[in-house]
2 protein chains.
Amino acid sequence: MTATRRPSLVDQVRSGLLEDLVSGKLAPGAKLPNENEIGERFGVSRATVREAVLGLMEAGYLARRHGSGTYVTKAPRSRHALDSTVSYTEMIREAGHEPGVMVLSNTVREPTEEEAELFDVTGTILELERVRLADARPVIYSRDSIPSALIEGTPPQAMFRSLYAVLAEAGHEVRRATAELLPVLADTKLARVLEVKRGAPLLHIDQVDYDTKGHAVMLSLEWHVADAFELIVNRRA
Amino acid sequence: MTATRRPSLVDQVRSGLLEDLVSGKLAPGAKLPNENEIGERFGVSRATVREAVLGLMEAGYLARRHGSGTYVTKAPRSRHALDSTVSYTEMIREAGHEPGVMVLSNTVREPTEEEAELFDVTGTILELERVRLADARPVIYSRDSIPSALIEGTPPQAMFRSLYAVLAEAGHEVRRATAELLPVLADTKLARVLEVKRGAPLLHIDQVDYDTKGHAVMLSLEWHVADAFELIVNRRA
DNA sequence: GAGTGGTCTAGACCACCGT
DNA sequence: CGGTGGTCTAGACCACTCC
């Protein structure tokens, strides 16, 4: 259905300002009008302007300086940042490569002890073993586990699409995730599926995805080829 | 001086709620009073309550459900998350280890091409080569570069403390940072200083720190021992 | 001192959840 | 339907920056 909702006033102001940014009407380093003037332009209150600006600040486009003004950031936002996207398909595409997926296995099995503890629901686990491709080159090997109960009725061929889309359609949209990072060496199996040498450096990511209600809905074990694409993390004090 | 500033009302409400959380008065899964009641309790308006709750949501303690209520998150917040701290000293301490630092070198030199482009100021670069310890075990080797102009007048012995503290005192408090992650293998030098085998897996982090004005103030090249402590990244959709 | 963002209020109406 | 969070307003005063 993808209900077409009226964008909030905050959204409208944010989009309006963003348009000025990408069109170049507001160049990097330029100073924005003050908050009252922006409010007049869009016909909204100052509180609404502030929330819109806050969003653009978090996205890295703007910087506020108390007592001075609001300015356009010089350094453009880093794409495919690890902390602001959860979809690797998107990440690969934004890095300028053609994303692809190869399904190695698709099984239903009993939960492991770790999974039984992690997931609130009981029952079997659907495990998907895949290799992601960037321009036909293997870049990520992953083993994803989802409780079968969460995606009952989803046709098997849907598994070839994004698991996030599958979960969202089943009413379990992923809102946030926790990822643990660990550098490892490629063993024989990983070397084969990722087409690297045995002992090559890989980044292992152990990730748990949570839906809007805060329930764990997917466990992902991933191994990333070292130089496939830049993995960026934005850190804040 | 560390000016003692009156905490804002938002801070007071956030602290008050946080106290209930850590004391267990509000158990995981419990439902909070509605926003008007919280406002009455602290004597503030609903907007103030909402901003405080927003902070606790971003920190992962609370979850709001439209039309239902605000609830205490079940999974406790992961400590030493890579995206919410920039100080490794803190990270090591929170992981339950005694942090330590060994300074390998402390030199002043001309900027590299990359540094000249990155930093807004000109002049020489102060480079600090260090090994961080957790309970006397080497866990991170780092090479930090700061434009000398930014920390003029800082006594040399200050370099043994946190560089973030040094920068903050010089009026360049670090607000955010961008980190690029890359799994690598230990070469001979890294193996020696980190006391691991040659070819051992390491996590290389290439980080740029920015101050409140958005200017780059420090460039850090780091190599982390694989299993020293868990590196977590919180991701949001 | 003039102008900016930072904080806060009191109230209104809307959208969603559960009974 | 009542209760919850989601959005928004109009106005006030404070804190900081810069001339």
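Order of the sequence lines fixes the chain letters, A, B, ..., with proteins taken first and strands second; residue numbering starts at 1 for each chain.
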Asker: Within the structure, does a side-chain N or O atom of B:Thr70 lie under 4.0 Å from either OP1 or OP2 of D:dG5?
Answerer: yes

Asker: Using the side-chain heavy atoms of A:Val10, tell me which of these nucleotides is nearest: C:dG5, D:dC8, C:dC16.
Answerer: D:dC8

Asker: Will you find, in the side chains of A:Ser220 and A:Gln207, an N or O donor that is under 3.5 Å from an N or O acceptor?
Answerer: no

Asker: To the nearest Å, give me how far apart NZ (A:Lys31) and P (C:dG3) are.
Answerer: 11 Å

Asker: How many Å lie between CD on B:Glu51 and C1' on D:dG6, as a whole number?
Answerer: 15 Å

Asker: Measure the shortest side-chain to side-chain distance between B:Glu37 and B:Leu32 over non-hydrogen atoms and say whether it is less than 4.5 angstrom.
Answerer: no

Asker: Would you say the side chain of B:Leu62 lies within less than 4.5 Å of the side chain of B:Val72, judging by non-hydrogen atoms?
Answerer: yes

Asker: Decide whether B:Thr124 and B:Ser148 meet the rule of one side-chain donor and one side-chain acceptor closer than 3.5 Å.
Answerer: yes

Asker: Between atom OG1 of B:Thr70 and atom CZ of B:Arg50, what is the distance when rounded to the nearest 0.5 Å?
Answerer: 8.5 Å

Asker: Check the phosphate of D:dT4 against B:Asn34, side-chain N and O only, distance under 4.0 Å to OP1 or OP2. Yes or no?
Answerer: yes

Asker: Figure out the CG/C1' separation between A:Asn36 and C:dG3, and round it to whole Å.
Answerer: 11 Å

Asker: With the side chain counted from C-beta on, respond yes when A:Arg109 and A:Glu115 share a heavy-atom pair under 4.5 Å apart, and no when they do not.
Answerer: yes

Asker: Round to a whole Å and report the spacing from CG of A:Leu54 to C1' of C:dG6.
Answerer: 12 Å

Asker: Looking at A:Arg50, does any N or O in its side chain come under 4.0 Å of the phosphate oxygens OP1/OP2 on C:dG5?
Answerer: no

Asker: To the nearest Å, how far apart are A:Arg65 CZ and C:dG5 P?
Answerer: 12 Å

Asker: Rounded to whole Å, how long is the line connecting atom CD1 of A:Ile38 with atom C1' of C:dG5?
Answerer: 11 Å

Asker: Return the residues of residues 39-49 of chain B meeting this criterion: a heavy atom under 4.0 Å from some atom of DNA chain D. Order them by number, or give none.
Answerer: B:Arg46

Asker: The helix from C:dG1-D:dC18 to C:dG18-D:dC1: angle between its terminal axes, five pairs each, to 10°?
Answerer: 20°

Asker: Between C:dT4 atom P and A:Leu32 atom CG, what is the distance in whole Å?
Answerer: 12 Å

Asker: Do B:Leu182 and A:Leu203 come within less than 4.5 Å of each other through their side chains, counting heavy atoms only?
Answerer: no

Asker: Any side-chain heavy-atom pair from B:Arg130 and B:Leu163 closer than 4.5 angstrom?
Answerer: yes

Asker: Given atom CG of B:Leu9 and atom C1' of D:dC13, what is their separation to the nearest angstrom?
Answerer: 13 Å

Asker: Going through the checks in order, is the side chain to side chain contact (heavy atoms under 4.5 Å, CB included) test met by A:Leu221 and A:His204?
Answerer: CA-CA 7 Å; A:Leu221 306 182; A:His204 173 54; 4.2 Å; yes

Asker: Quick one: which of D:dC18, D:dT7, D:dC16 gets closest to the side chain of A:Ser68?
Answerer: D:dC18

